[in-house]
Amino acid sequence: MGTYILRRLLQMIPVILGATFLIFAMVFALPGDPLAGKCGERPCSAAYRAAFTEKYNLNDPLLVQYGKYVGKLATGDFGETYNQIKVSDQLKQRYPVTAKLALMAILFETLIGIVAGVLTGVRRGGFLDNLVLVSTLVVISIPVFVIGGLAQYFLGVKWGLFPVTVTSGEATVYQLLLPAMVLGSLSVAYVARLTRTNLVENLRSDYVRTAISKGLTKRRAIGLHALRNSLIPVVTFIGFDFGALLGGAIVTESIFNIPGIGGYIFRSIRSRDGASVVGAVTVLVIVYLVVNLIVDLLYGLLDPRISHD
Amino acid sequence: MTEATITESSSVADPHDAGDVGEERSLASDAWRSMRKNPMFWISATMIAVFVLMAVWPSLFTKTDPTFAVLAESRAKPGDGTWFGRDIQGYDIYARCIYGARASILVGLFTTTGTVLLGGTIGVISGYLGGWVDALLSRIGDVFFAIPLLLGAIIFLVSLPDFFNDNYLLIVLKVVFALVILGWPSLARLMRSSVIQVKPNDYVQAARALGASPWRVIRSHILPNALAPMIVVATINLGAYIAVEATLSFLGIGLQPPAISWGIDISSAIVGLRTTPHMLFFPSLFLSLAVLAFIMLGDVVRDALDPKNR
Amino acid sequence: MTVQDTTRTDTGAIRYEPQDGVLLEVEDLYVEFHTADGVATAINGVSFELRQGESLAILGESGSGKSVTAQAIMGILDMPPAVIPQGHIRYCGHDLLTMDEEQRRKTRGPEVSMIFQDALSSLNPVFPVGWQIAEMFRIHRGMNKSDALDQAIRLMERVQIPAARERVKAYPHQFSGGMRQRIMIAMAIALDPAVLIADEPTTALDVTVQAQIMSLLEELQEERQMGLILITHDLGVVADVADRIAVMYAGRLVEKAEVHELYRSPAHPYTRGLLESIPRLDQKGQTLAAIGGLPPNLMRIPPGCPFNPRCRMAQDVCRRDLPALREVAPGRLSACHFAEEVIDA
């Protein structure tokens, strides 16, 4: 187990380097003047331009620039934004908000998705089953930004059930409730369908037949024996879905005006603030890969047939 | 019927007497047989056909020019001389919904084709050759897989040179390019694992032992048996890519006005949700139906291909 | 041993006592499968009884209805598509088919128990084997975790699993096929049931392991005086274990006899065909006679005797009239118009 984790962590290093280099190359190497708009309406002075170029190694070949950047990154220095604000401070301020949002979304999709999947899987073909099947299809089909807009207007503005936007820098759980549900809505539908499909398949398995012939109650045969097996792929899905959730946070955070990492990345991309983008995305990629590693380990715990030796 | 309930019942349902031996059916025709009986298949296929027709030949559905503004009638409600009303610029919303199909369908089809070709090829090479080639390709796939699709696409699109933005088709291709570059690894992984599953089978080994070339083995023995999972996922992805295109346009990053896209129209309508909900409703409806059609088709194909569901 | 000492009275209000030595009585049982393609009659009026301490083998090809019979007794048929339009299955005089579901559930395990063909898929892959055996004691006896696990270890020792104490926490996939089937058996006999149904218990195993499992079953059956129903397609397997054999074909019983008599002189052409298709060392050089043709499609059973298209002795009467199961010699039943001639042949 220990060697497995070590091996996986070592394997992660080239992936992180590759992914960040990709982002770095896209953000820094492509045309567009990084100084545009830095000095207001006027063009920047030659002296400022030279200092700027020097500071960000803009004259070096791309690989060298990247090498220098990674070198600094390794010491925890994420660089500065073009407005001389430390990127790491920005990240420290914004990541907790997005983390809170993402965790709430995952909690929401896991709880509601699994419950809906179990209820429909057990009573196949019933009213509830059809209702959930249709409504999950609808949720999957309607893009998040439409759902977000509608939810904000109806649940927030019109009926006043939830706060409409996040007003302070410190987003509270209550303020994030609606955004988290919007963010998790697509995944809720997928989790429900995945749980249902797997449960239906497992209900026909030999070991559930054995459980029934052992004289277990239906409740135990389904709720313990079949469900335990059905949840293995669901856990994997939730882990892999984490990346999509982080991407979706960009949309959700912009709709609900949440001061999280998604909105930050989005604004930084638009203003070509390279250091901010690369820094934020690097952290995001690392988080994503670590989550995937955890999911893999969890998978081994849930399914004893998978061996990590 | 639930065939897996008991081993006995499966042989019960099987036509067993000598006269029925000829009924042995291939997986593909079997799948087609069960799909034909499924109303969901016909509903989704019809919807897709309509959307494709809309994309190819929009003037078949409307004679109105979607870029012809009647500012005086801006924000007109549905029925005031137009079917779906007019938007803030005074454009006919119905016409814009029809013309908006093109961007979505093009992005969806091209991206799916691209990811299938790129991901499929890399997956087959990985799975068939194994060894260091597999290790290298898999790590490269991991790199792209580690970047969330939407995030990567945004960075990519913002970074690409602006001269792309001159021509409608070029912008579409730009979006497609970004999505293919970021989207292929999932299909490559899928294909790789199918190939690895199929490869040890006796018929593949026999073909190799008989001296068939790798290309021939892959084409006539591995592909037909490893393709099914990829078709299913690709169909569902097609719907997802349409949604991503709309999201990018919504964020102002994919297609830009004056190009017509459901995403752009939704983006401009969402602020006026309170007073002019129809401006949001119709493009959202079209977009959702297009996504729904492909997801439904994917579901139907999966059910048809999965023998456990029969 | 505590395992055997536990009385069978704490399972519910009903106290099950064999009636005149009869444990299980199946009477005129029908099972149909209602599918999209039509109705298949899997069991077509089957009757038999099982006495205390008796081993009954039910023999037949796949599709003959032998496994469906076992599943109907156990109450694990999927209904729908399965339907039981008529018949009775009485356990100690109580009809299992009309019993309320909670009562019936309580009979599964302590009264009637079953082991399956494929132990790998029949054991839950994500729970340790000891836990799965212990579950019987926890559910039916209300035992606490550690006591139940002690019992599980004892049972694993009883079915001769080496190093039971160390392996009690291992998972099914970590055992060999034969060991897994022993675990299935341990689970099935955990609560000392009166009836044990073994559905092709050795089909998935190597020949040498087959013999070990069969002798274990025989031993346990004698030790606990269980009624054993052995479902199999393999005549060779049953010879040593079974007292009586019931042969099924196309959902019907076609012959029933004491095992040695059946071997010595079968009373149905189908049984004779089965016996002739067993390779025998003492008849080296002779051609093995396989039964030609295939069993009928259960949605289109031919008129008359269902075996007639494959029968070498078939006459007009066989294609016209369904032969009844009748006593053709003392203690011997056969459903063949020419049973007497078959016996004498």
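So you know, we letter chains A, B, ... as the sequences are listed, proteins then strands, and number each from 1. The model shown is predicted, which means the values in this text are computed figures rather than measured ones.
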Practice item. Count the heavy-atom pairs under 4.5 Å between each of B:Ile253, B:Leu251, B:Ile242, B:Val244 and chain A, then report the option with the highest count. Key: B:Leu251
Practice item. Any chance you could measure A:Met26, atom CE, to B:Leu157, atom CG, to the nearest 0.5 Å? Key: 9.5 Å
**Study point:** B:Leu289 side, atom CG; A:Ser141 side, atom OG - distance, nearest 0.5 Å
**Key:** 8.0 Å
Point to revise | Side chain, backbone, both or neither of A:Ile16 within contact of chain B (heavy atoms, under 4.5 Å) | key: neither
Exercise for review: Might you work through the side chain to side chain contact (heavy atoms under 4.5 Å, CB included) test for A:Val144 and B:Phe250, ending with a clear yes or no?
Suggested key: CA-CA 11 Å; A:Val144 165; B:Phe250 172 79; over 6 Å; no
Check your understanding: Of the listed residues (B:Ile140, B:Leu285, B:Leu149, B:Leu287), which shares the most heavy-atom pairs with chain A below a 4.5 Å separation?
Key -> B:Leu287
Point to revise | Greater than 12 external heavy atoms within 6.0 Å of B:Phe51's CZ | key: yes
Practice item. Please state whether the side chain, the backbone, both or neither of A:Ile142 comes within less than 4.5 Å of a heavy atom of chain B. Key: both
Review point. Can B:Ile155 and A:Leu22 be said to form a side chain to side chain contact (heavy atoms under 4.5 Å, CB included), step by step?
Key: CA-CA 10 Å; B:Ile155 298 174; A:Leu22 219 64; over 6 Å; no
Check your understanding: At a heavy-atom separation under 4.5 Å, does A:Ile265 approach chain B through its side chain, its backbone, both, or neither?
Key -> side chain
Exercise for review: Kindly compute the distance separating CD1 (B:Ile147) from CG (A:Leu284), expressed to the nearest 0.5 Å.
Suggested key: 10.5 Å
**Study point:** Atom group of B:Leu150 that falls short of 4.5 Å from chain A, counting heavy atoms
**Key:** side chain
Study note, to complete from the structure: Heavy-atom closest pair (A:Gly18 atom, B:Val143 atom, distance to 0.1 Å) is C-CG1, 3.4 Å
Review point. Does atom CZ of A:Arg123 have more than 12 heavy-atom neighbours, drawn from other residues, nucleotides or ligands, at distances under 6.0 Å?
Key: no
Practice item. Dump the intermediate steps for side chain to side chain contact (heavy atoms under 4.5 Å, CB included) on A:Met12 and B:Asp142, then the final yes or no. Key: CA-CA 9 Å; A:Met12 253 164 68; B:Asp142 287 348; over 6 Å; no
**Study point:** Which portion of B:Phe294 sits near chain A, non-hydrogen atoms under 4.5 angstrom
**Key:** neither
Practice item. Measure distances from A:Phe145 to the heavy atoms of chain B and classify the residue's part below 4.5 Å as side chain, backbone, both or neither. Key: both
Review point. For A:Ile140, is it the side chain, the backbone, both or neither that has a heavy atom under 4.5 Å from a heavy atom of chain B?
Key: both
Exercise for review: Below 4.5 Å from any heavy atom of chain B, which atoms of A:Phe266 appear? Answer side chain, backbone, both or neither.
Suggested key: side chain
Exercise for review: May I ask you to name which of A:Thr197, A:Leu137, A:Leu289, A:Leu245 has the most heavy-atom pairs under 4.5 Å with chain B?
Suggested key: A:Leu137
